[in-house]
Protein chains: 4
Amino acid sequence: MSPRTENQFEAMRMKSRENIISVAMNLFAANGYHTSSIAQIAKSANISKGLIYNYFASKEELLDAIIKTGFAEIDQMLPPVIESENPRATMVSEIETVFQNYQSNFEFWKFYFQIIMQPKIFEIYAQPLKTFLSEQIVKLSDLFKSICVSHPELKARTLAALLDGIGFHMIIDEDYPLDDVKNFIIHNLIQEEQK
Amino acid sequence: MSPRTENQFEAMRMKSRENIISVAMNLFAANGYHTSSIAQIAKSANISKGLIYNYFASKEELLDAIIKTGFAEIDQMLPPVIESENPRATMVSEIETVFQNYQSNFEFWKFYFQIIMQPKIFEIYAQPLKTFLSEQIVKLSDLFKSICVSHPELKARTLAALLDGIGFHMIIDEDYPLDDVKNFIIHNLIQEEQK
Amino acid sequence: MSPRTENQFEAMRMKSRENIISVAMNLFAANGYHTSSIAQIAKSANISKGLIYNYFASKEELLDAIIKTGFAEIDQMLPPVIESENPRATMVSEIETVFQNYQSNFEFWKFYFQIIMQPKIFEIYAQPLKTFLSEQIVKLSDLFKSICVSHPELKARTLAALLDGIGFHMIIDEDYPLDDVKNFIIHNLIQEEQK
Amino acid sequence: MSPRTENQFEAMRMKSRENIISVAMNLFAANGYHTSSIAQIAKSANISKGLIYNYFASKEELLDAIIKTGFAEIDQMLPPVIESENPRATMVSEIETVFQNYQSNFEFWKFYFQIIMQPKIFEIYAQPLKTFLSEQIVKLSDLFKSICVSHPELKARTLAALLDGIGFHMIIDEDYPLDDVKNFIIHNLIQEEQK
DNA sequence: GATGAATGAGTATTCATTCAT
DNA sequence: CATGAATGAATACTCATTCAT
């Protein structure tokens, strides 16, 4: 009878938008960006093609939203380093977070590794990606410094590369022993301390 | 003029074929598979669209030929492990080969990381890729075993992941300190020995 | 607050309706019928898309209402011929009225020339337009007859065509010497008389 | 067997291109630009939709080609004024050409009057149109000068407006007495001479 | 009355592929 | 062998219109 309130509309919009993003991400991850059509996305989401354009001006903008959402989620997953009394424990917890992330957001990471590498997309996101990578390196560097390790930056770089490489392999090999590798790495880290 | 011999024809065909493969590979690397059209390839190769179909039954088959050619080239790049008396030296030399390869064939690796990740291609080559990865792990495992390290397989896995992760980062960041990272890794490997 | 009376409601409805018509007419004039969307009209009018359908059953019906409103306005603009004792003076005054109209309602005529010619509209209004044209011809014919000119109908036709052609040129050329042309025509008309 | 020659291809292209332009112009004239779809044009021309894009990059470019072709045809129809010994005869022949043009190219003129007035299109072609109009006025002015008439430019302007107005009326009224009007105008022109 | 989310038929455009010559 | 005109199925996107609230 009475028209919907602003809040009601806002809630509807949020729900629809998130639904589209989620469905599209899964499809892009599974079949690729170019091979997933707007029609397919709409069908998977049980909505009309047109609705997608109520939320995203183009397929490319939808992709952008997915990537942005993904980055935001990663940021949330990797909470700011807690200035703990025990920096080594902090680092271990950091690494565990990454692995947990790999496990719980497998679809996103698959999507991410696949999408980010496509030339046109790479061109657009190379800069933010580089920035993101630098920030991670700095963060890890600082942690290593606080443990008084020699060559903290190189140590940080190898750890970052190692983690990304594991993500990469995990996608190629669905039987990847993620937990074993995680424990091995953490074990090594702790052992070094006691050295 | 005497008619061309069977061999001459065959040679011409091969040359044409290789030319198409080379041109298409460059276009795919620069702009992606889906965003490069047969018309573009034909234009770049200075031939007609129709002629491409004399050599490849479809665009997909052309892609397949490109990938196969690429794999063959990788095989040539990575020389067979020399069974040395000093396994640790062998390993160091292996790692150095990889880094050298990264440096001298940067464009090629960029192309490969980009191409291999595209879903359609990934689907087809996930299996061979997984096999290739396994072989590398086994190879490294064996080397680690011969140095009597504990957890040789996990050690192999982390090293492989580390090397791939570095390749990944090197593509993202054109200022990547490849040499520093290489020396750091090798130095660590040797240090461990003396522990 | 007492409930609004029936009349108040009716007045509100009329005002809303007229507002929509006015906004839509401006948009159609500026950007054309097909290139102006209901969404744009609603936005320009500061109302919702749905509301437009409370007043007009379809976009086409809205157009129809605009045209009808426009015709009514034209009727108001062109005052009925004053049956003067001096038909030639009447004719001169008629012509002067048209030119004055062209000058003071330039935007309106521009809109009308543009709108009337669009096929969809033309189809609907070709008949009324033809009728309107015929009436004008008859009116002018009668005037010419009363001045005892030979071929009054053809004279009327050429005068009508001349006036429309001038309107057309005036729209194309913003520097059109409307006054000079007007004086020239009227001067000729008077001269002929004295012949 | 042997491939087609360059000339053969050129001939095919010419034929196809002209066919598309001709069919599209008729459809645009009959139903309007926006209401005629590429699919309709293709169907009317008995070709595939795709073929149209082999010749025109977009619907708008097709429209452009039609208009340019039309202008070119008009130019051919209105041959450069022959410096005759009898300028009045020249003028009569000019006028006769225009009327003949109206009759034989009715479809184009219908299209032209309808299309040119649409806002977006008008914006694009207002300038060339104005230029074209100016040229015609100058041409007619010169002719009038050579007959030693007073106010040659105004005379030229009224004649041009008259001719365009007649074109306009002819489109509105399919029973327009084109021949009568033509004879009347020419008759008047000759009479003036003898005055 | 009033809102704007949702629909779906329709549109321009692309492009791998075929084929007559 | 080689050409490029022609095809047609697929795709992204638009927009008038509906309808639950």
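Residue numbering restarts at 1 for every chain, and letters A, B, ... go by the order of the sequence lines. As the structure is a prediction and not an experimental result, all values here were calculated from the model.
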Grab the two heavy atoms, one from [X] and one from [Y], that are nearest each other, plus how far apart they are.
X	Y	answer
D:Glu107	D:Met25	C-CE, 4.1 Å
A:Leu129	A:Tyr112	CD1-OH, 3.0 Å
C:Asn31	C:Ser36	CB-OG, 3.7 Å
A:Val23	A:Ile41	CG1-O, 3.8 Å
B:Ala42	B:Ser48	CB-C, 3.8 Å
A:Lys110	A:Ala29	CE-O, 3.9 Å

Review point. Does a side-chain heavy-atom distance below 4.5 Å link A:Lys49 with A:Lys43?
Key: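 No - every pair of side-chain heavy atoms lies 4.5 Å or more apart.
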Check your understanding: Would you say D:Ile47 and D:Ser16 make side-chain contact, with heavy atoms under 4.5 Å?
Key ->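 They are not in side-chain contact.
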Review point. Which ranges of DNA chain F pair up as stems, where a stem means three or more consecutive Watson-Crick or G-U pairs with both distances under 3.5 Å?
Key: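 Stems found: E:2-21 with F:2-21.
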Practice item. Using a 4.0 Å heavy-atom cut-off across all strands, classify D:Tyr55 as base, sugar-phosphate, or nothing. Key: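 Sugar-phosphate, backbone atoms only, no base.
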Review point. NA contact type, D:Ile47, heavy-atom cut-off 4.0 Å: base, sugar-phosphate, or nothing?
Key: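 Counting heavy atoms under 4.0 Å across all strands, the contact made by D:Ile47 is with sugar-phosphate only.
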Exercise for review: Only pairs at least two apart or in different chains count here, so list each side chain to side chain donor-acceptor pair (under 3.5 Å) that has a residue in residues 50-64 of chain A.
Suggested key: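 Pairs touching residues 50-64 of chain A that pass the test: A:Asp64-A:Lys68, A:Asp64-A:Tyr125.
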Using atom [atom1] of [X] as one end and atom [atom2] of [N] as the other, report the distance to the nearest whole Å.
X	N	atom1	atom2	answer
B:Ile20	F:dC1	CD1	P	12 Å
D:Ile41	E:dT11	CD1	P	11 Å
D:Phe56	E:dT14	CZ	P	15 Å
D:Glu6	F:dA2	CD	P	17 Å
C:Lys43	E:dA2	NZ	C1'	18 Å
D:Ile52	E:dC15	CD1	C1'	16 Å
A:Glu61	F:dC13	CD	C1'	13 Å
A:Arg17	E:dA6	CZ	C1'	17 Å

Grab the N/O contacts between the protein and nucleotides 16-20 of chain F below 3.5 Å, and write none if there aren't any.
unit_1 : atom_1 : unit_2  : atom_2 : d
F:dA16 : OP1    : C:Lys59 : NZ     : 3.0
F:dA16 : OP2    : C:Ile38 : N      : 2.7
F:dT17 : OP2    : C:Tyr53 : OH     : 2.9
F:dT17 : OP2    : C:Lys59 : N      : 2.8
F:dT17 : O4     : C:Lys49 : NZ     : 3.4
F:dA20 : N3     : A:Arg4  : NH2    : 3.2

Exercise for review: Could you tell me how the ring of D:Phe28 sits relative to the ring of D:Tyr33: parallel (under 30°), tilted (30 to 60°) or perpendicular (over 60°)?
Suggested key: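 Answer is perpendicular, since the angle exceeds 60°.
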Check your understanding: OP1 or OP2 of E:dA6 less than 4.0 angstrom from a side-chain nitrogen or oxygen of A:Ser16, does that happen here?
Key ->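 For E:dA6, OP1 or OP2 has a side-chain N or O of A:Ser16 closer than 4.0 Å.
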Review point. Should D:Arg13 be listed as having a side-chain N or O under 4.0 Å from OP1 or OP2 of F:dA5?
Key: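 Indeed, a polar side-chain atom of D:Arg13 lies that close.
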**Study point:** Residue whose closest nucleotide on DNA chain F lies nearer the 5' end, B:Asn46 versus A:Gln40
**Key:**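 So the residue in question is B:Asn46.
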Review point. Of all the choices, F:dT7, F:dA2, E:dA5, which nucleotide is nearest to the side chain of D:Leu51 once you look at every atom?
Key: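 Nearest to the side-chain atoms of D:Leu51, counting from C-beta on, is F:dT7.
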Practice item. Using only heavy-atom distances, decide whether a donor-acceptor pair under 3.5 angstrom links the side-chain of A:Asn54 to the base of E:dA5. Key: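 No, no donor-acceptor pair under 3.5 Å.
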